[in-house]
2 protein chains.
Amino acid sequence: MPEEKETINKLAKAPIESLHLDSIAVVTNLYRAAQGLRNKMEREVLSDHGLSWTSFSILYDLWIWESVETKKLALSAGVSKATISNITNTLERKELCYRKIDNRDRRITYVVLTDKGRKVMEDLYPKFHRGEVEVVSSLSIDEQKVISSLLRRVIRENNF
Amino acid sequence: MPEEKETINKLAKAPIESLHLDSIAVVTNLYRAAQGLRNKMEREVLSDHGLSWTSFSILYDLWIWESVETKKLALSAGVSKATISNITNTLERKELCYRKIDNRDRRITYVVLTDKGRKVMEDLYPKFHRGEVEVVSSLSIDEQKVISSLLRRVIRENNF
DNA sequence: TCATAATCGTTAGCTTTGAAACGATAATAG
DNA sequence: CTATTATCGTTTCAAAGCTAACGATTATGA
């Protein structure tokens, strides 16, 4: 990669005893790929319904699990509970979900998908899935299995 | 993975002719790893100087290249030019960089690192690099090379 | 030359994001 | 049985982030 090489040269002047170039490459390319993925999906798929990546991932959870506690949504999406609270507000305004307080433990709030929300997902998911397939289409099935396996290890070992 | 399997079962009911499970796994794990990476770095390293991941990546570019056009910063960080404008304001307020208009083409604005900005990077980069190494430490060097290579292909083929 | 088009960065208005503080509720301890 | 702790979700406030519109500048073309 052109940019990567140039950067490494400049980094030589950095006050570092030893540079682990392979680690740098993994982190750089990992984040760039994820960022590109998100941007592409928001632009080409999710903008149809005015949804952000995180909003979609929440609707997705609700679609799969019917009803999910706020805390689990935050954990699943990798964002703070404050963010979930805000996004839930937006989704509620769009009538795609609603809140439901647990009667047994009134501290817990469940978020539930509405019929309208389900329809949106039934329209959106096939398009999203086509996007997923397209993004990784330059990798063979075996390569997809390899990269998933390696990423899973990173996720597991870091408790991501 | 426990959650992944359960999800796939639920997805069977989805209105999709054919599900490419390997593509789903790549996208899911790719995004989760990147999200975890960002959160960890912001929490454990960048919070020392009150910097976001994107702010840091901009300072990093300036550190390497001395002076960069706003447009290239947006491209490099994978965010919109409006975001760069906002972040540059914040960084300027912290006296970590300043703007400089090109005399030949007065539409172009360069962002330049200050001495204070350089000092911050000299303090921060070693810590950041230790974080990078730590995050991927469960992968062997060969595995790191493999995953970088596969990610690079995804990036290239999608113009990310 | 001068009008039109293209490019660049900022602004406006909104949603997303997180840390910290806050209220409400439940669990625990004495 | 009360008092203390712990947990949960929301609110507050600031920064990050996007789209679209805008003003300023440069390039193009007739």
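Here is how names work: the chains are called A, B, and so on, in the same order as the sequence lines, proteins then strands, and each is numbered from 1.
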Should B:Ser52 be listed as having a side-chain N or O under 4.0 Å from OP1 or OP2 of D:dA15?
-> no
Residues B:Trp65, B:Tyr110; criterion ring-ring contact (aromatic ring centres under 6.0 Å, His included); working and verdict | CA-CA 11 Å; B:Trp65 303 99; B:Tyr110 292 95; over 10 Å; no
Counting only side-chain N and O atoms of B:Ser80, is one of them less than 4.0 Å from OP1 or OP2 of D:dC18?
-> yes
Reading nucleotides 5-12 of chain D 5' to 3', which nucleotides get B (base under 4.0 Å from a protein heavy atom), which S (sugar-phosphate only), which -?
-> -BBSBBB-
Minimum side-chain heavy-atom gap B:Tyr31-A:Trp53 below 4.5 Å | yes
Report yes if some heavy atom in the side chain of A:Ile101 is under 4.5 Å from a heavy atom in the side chain of A:Arg107; otherwise report no.
-> no
Are the side chains of B:Thr83 and B:Ser80 in touch, meaning some heavy atoms are under 4.5 Å apart?
-> yes
Can you check the A:Ile101 CD1 to C:dA26 P distance for me, whole Å?
-> 10 Å
Short side-chain N/O contact from A:Ser55 to OP1 or OP2 of C:dT16, under 4.0 Å = yes
For A:Phe56 and C:dT15, what is the distance between atoms CZ and C1' respectively, to the nearest whole Å?
-> 18 Å
Under 4.0 Å: is that the gap between some side-chain N or O of A:Arg104 and OP1 or OP2 of C:dA26?
-> no
Interatomic distance, A:Leu96 CG vs C:dT15 P [rounded to whole Å] = 14 Å
May I ask you to say whether A:Arg118 pairs ionically with A:Asp115, meaning some side-chain N is under 4.0 Å from a carboxylate O?
-> yes
So, do B:Val111 and B:Val68 sit near enough that their side-chain heavy atoms are less than 4.5 Å apart?
-> no
Given atom CG of A:Leu91 and atom P of C:dT17, what is their separation to the nearest angstrom?
-> 11 Å
Quickly work out the B:Trp53 CH2 to D:dG17 C1' distance and round it to whole Å.
-> 17 Å
Taking all atoms of both residues into account, what is the closest heavy-atom pair of B:Ser67 and B:Val112, and its distance?
-> OG-CG2, 4.0 Å
Between CG of B:Asp102 and P of C:dG9 the distance, given in whole Å, is 10 Å
By a strict heavy-atom criterion of less than 4.0 Å, which residues belonging to residues 29-47 of chain A are in contact with DNA chain D?
-> none
Side-chain heavy-atom pair A:Val146, A:Leu150 within 4.5 angstrom cut-off = yes
Within this structure, what is the CD1-to-C1' distance between A:Ile87 and C:dG18, rounded to whole angstrom?
-> 12 Å
Determine whether more than 12 heavy atoms belonging to other residues, nucleotides or ligands lie under 6.0 Å from atom NZ of A:Lys94.
-> yes
If each of A:Thr83 and A:Arg106 is mapped to the nucleotide of DNA chain C with the nearest heavy atom, which maps nearer the 5' terminus, i.e. the 5' end?
-> A:Thr83
Grab the CZ-C1' distance between B:Arg93 and D:dA16 for me, whole Å please.
-> 12 Å
